[in-house]
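This report concerns only the one structure given below.
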Amino acid sequence: MTSLLKSIDSGKEYPLNEVRFTADNGELLDVQHDLEGLKKQFGLSKEYFSQKRALLNGQPTGGVWHFKELVLPSIPDQEVVSKQEGNTRLYRSKKISSWLGLNSDKFFLKHEGENPTGSFKDRGMTVAITMAKHLQQKAVTCASTGNTSASLAAYASEADLTGIVLIPKGNVAVGKISQALAYGTKTLVVNGDFDDCMRMIREAQEKLSAYPLNSINPFRLEGQKTIIWEILLQRNWQVPDWIVFPGGNLGNTSAFGKALHEAHQLGFIDRMPRFAVIQAEGASPFYKAYKNGFTSLKTEKADTIATAIKIGDPVNYPKAVRALKWTNGIVETVTDEEILEAKARVDAAGIGAEPASCATVAGIKKLIASGEIKPNETVVGILTGNILKDPQVIVDYHFNKKTEHANPPHEIKASINELKNFL
Ligand code: F0G
């Protein structure tokens, strides 16, 4: 056995090449690799990945395909559709760590906004679109709060597939919708919210045979696992105490959990970091389920300024619960005001990220204040999207004289004397 699809609870197995996204009973599917077999076949070890100078089609690669043996081992290199995604920076920032009250040597921000289309979605997209091609699909679709549609659009163009994206009217940041239009995908603006779009995509998959590239697609999550392996590699396999990131549709939560579970099974790490998943207060079904001991998920009508995570019915909920159990994880919420305050700090530190990403930093602040995260613990926060994704939020913030860190522009006459006043 190399790899197959396996339902997460009942363990029902399906061939890897079958086009399906849930088991017959509706359960989510994992891509299940034969880890022991792969370990033997490739001699996988920490040293293997640390020393490997991966080549893909003769080109040096890092990032997602550096870990091809644990992502999609059976696909020939020539079939891979890649834009060299991954290899993102692990920033340190004294400004942000001192604001948070963390030791600056132990606080890191991994910037997934530095991927080809500006978000972590590219890591999942390179794998899922490769698989779509492999399975001879003609059209690919997604529901999106913006970043998935931008990523799908770019990769569908590269792979010569027809792309159709569904986005909720009035709720997608201008940078993201611009990308979808510019890369040439068919963009359908739906009079509804993200959860309506997602329901339509699931139905379309069953009734219209359109291949979905949302995170319900298990191949997306295989790509997103590499965020974790890259962190481990960049930190020389030292496990941090905490990994903190925003939760919306809970794809990352699921993928990160699977990555660590596999790293542990392979013997690359001997302990698990703890997850802290951060949700916006107005879009926090996962937080509420966490608070009730995961007895039930109550879907909700979501509302937050961080439109990327404005989701009330997360499709990956069961996998995310599993991930939290594996990592002794916690879930926290932050208000839109806390997100904007954290964003102002992240932006002014010269790093910058979109609002949903800054929920990470707002969450760390809150968890330090509550004593959950200790000041001397090692914390890796994930910034999921680029600062330029949502320029409107930035302009609104800095033109509003009432906001604490507003840095509005000044209009001056075209005279050197006026300029002098500012120098
Ligand atoms: N951060 C950003 C910037 C996102 O775009 C998303 C999700 C998340 C966090 C949440 O990640 O869904 O894995 O929990 N964006 C999706 C989209 C829903 O359509 O672009 P998750």
Side-chain angles (χ1 to χ4, degrees), residues 88 110-115 117-125 128 141-154 165-168 171-173 175-177 179-180 185 187 190 193-198 201 212-217 220-221 223-225 227-228 244-259 275 277-280 283-287 302 304-317 319-320 323-324 329 331 334 339 343 346 352-363 381-390 393:
T88 54
K110 183 145 179 80
H111 209 326
E112 288 300 303
E114 296 178 347
N115 270 296
T117 75
S119 82
F120 69 90
K121 304 286 180 182
D122 297 338
R123 291 195 188 248
M125 206 55 73
T141 60
C142 74
S144 183
T145 57
N147 281 324
T148 305
S149 62
S151 185
L152 179 150
V165 302
L166 267 55
I167 58 174
N171 278 297
V172 172
K176 305 175 189 181
I177 195 165
Q179 286 179 288
T185 202
T187 304
V190 177
D193 60 16
F194 169 82
D195 299 303
D196 294 322
C197 297
M198 192 67 233
I201 288 294
L213 293 176
N214 280 103
S215 51
I216 190 160
N217 183 319
R220 269 271 314 270
L221 302 188
Q224 288 168 220
K225 286 191 317 193
I227 297 175
I228 293 294
V244 187
F245 49 94
N249 221 5
L250 304 177
N252 273 338
T253 313
S254 308
F256 295 178
K258 187 169 187 283
F275 281 179
V277 181
I278 314 299
Q279 295 210 292
S284 53
F286 191 48
Y287 172 76
T304 167
I305 194 163
T307 49
I309 50 173
K310 191 169 170 181
I311 296 174
D313 187 5
V315 294
N316 289 298
Y317 174 72
K319 285 185 179 175
L324 278 229
V331 189
V334 288
I339 290 173
K343 176 168 161 57
V346 172
E354 69 161 287
S357 308
C358 298
T360 292
V361 177
I382 315 289
L383 298 176
T384 44
N386 194 284
I387 185 174
L388 292 174
K389 289 283 192 171
D390 197 345
V393 163

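Atoms within each ligand, like the ligands themselves, are counted from 1 in listed order.
Shortest contact from atom 13 (O) of ligand 1 to any protein heavy atom: Asn252 N, 2.8 Å. The protein heavy-atom contact nearest to atom 20 (O) of ligand 1 is Thr148 N, 2.8 Å. Here the protein heavy atom with the shortest distance to atom 5 (O) of ligand 1 is Asn147 ND2, 2.8 Å. For atom 4 (C) of ligand 1, the closest heavy atom belonging to the protein is Ala308 CB, 3.5 Å. For atom 1 (N) of ligand 1, the nearest protein heavy atom (residue, atom name, distance) is Thr384 OG1, 2.7 Å.
Between Val172 and Thr307, the closest side-chain pair of non-hydrogen atoms is not below 4.5 Å. Between Thr148 and Met125 there is a side-chain heavy-atom pair separated by less than 4.5 Å. The closest side-chain heavy-atom distance from Ser215 to Leu221 is below 4.5 Å. The closest side-chain heavy-atom distance from Thr253 to Phe245 is below 4.5 Å. With contacts defined as side-chain heavy-atom distances shorter than 4.5 Å, the pair Val334/Ile278 qualifies.
At least one N/O-N/O distance between Asn249 and ligand 1 falls below 3.5 Å. Ligand 1 has no N or O atom lying under 3.5 Å from any N or O atom of Lys176, backbone or side chain. Here's the thing with Ala356: none of its N/O atoms is less than 3.5 angstrom from an N/O atom of ligand 1. No N or O atom of Gly247 sits closer than 3.5 Å to an N or O atom of ligand 1. Backbone and side-chain nitrogen or oxygen atoms of Thr145 are examined, and one is located within less than 3.5 angstrom of a nitrogen or oxygen of ligand 1. Here's the thing with Glu354: none of its N/O atoms is less than 3.5 angstrom from an N/O atom of ligand 1.
Only the side chain of Lys121 comes within 4.0 Å of ligand 1, judged by heavy-atom distances. Contacts between Ile311 and ligand 1 below 4.0 angstrom, taking non-hydrogen atoms only, involve the side chain exclusively. For Phe120, every heavy-atom contact with ligand 1 shorter than 4.0 Å involves the side chain, none the backbone.
Atom CD1 of Ile382 sits about 10.5 Å away from atom CZ of Phe120, to the nearest 0.5 Å.
The only option from Asn171, Thr145, Thr304, Asp193 that meets the side chain to side chain donor-acceptor pair (under 3.5 Å) definition with Lys310 turns out to be Asn171. Put simply, the residue from Leu383, Ile387, Asn147 that forms a side-chain contact (heavy atoms from CB on, under 4.5 Å) with Glu354 is Asn147.
Judged purely by distance below 3.5 Å, without hydrogens or angles, the side chains of Glu114 and Thr88 never pair a donor atom with an acceptor atom. Inspection of the Asp122 and Ser151 side chains reveals an N or O donor paired with an N or O acceptor under 3.5 Å.
Summarising the contacts of atom 8 (C) of ligand 1 with Ile309, Leu383, Asn316, the nearest heavy atom is found in Ile309.
Close approach of ligand 1 to Ser144 is summarised as follows: ligand atoms under 4.0 Å from at least one heavy atom of the residue are 17 (C), 19 (O), 20 (O).
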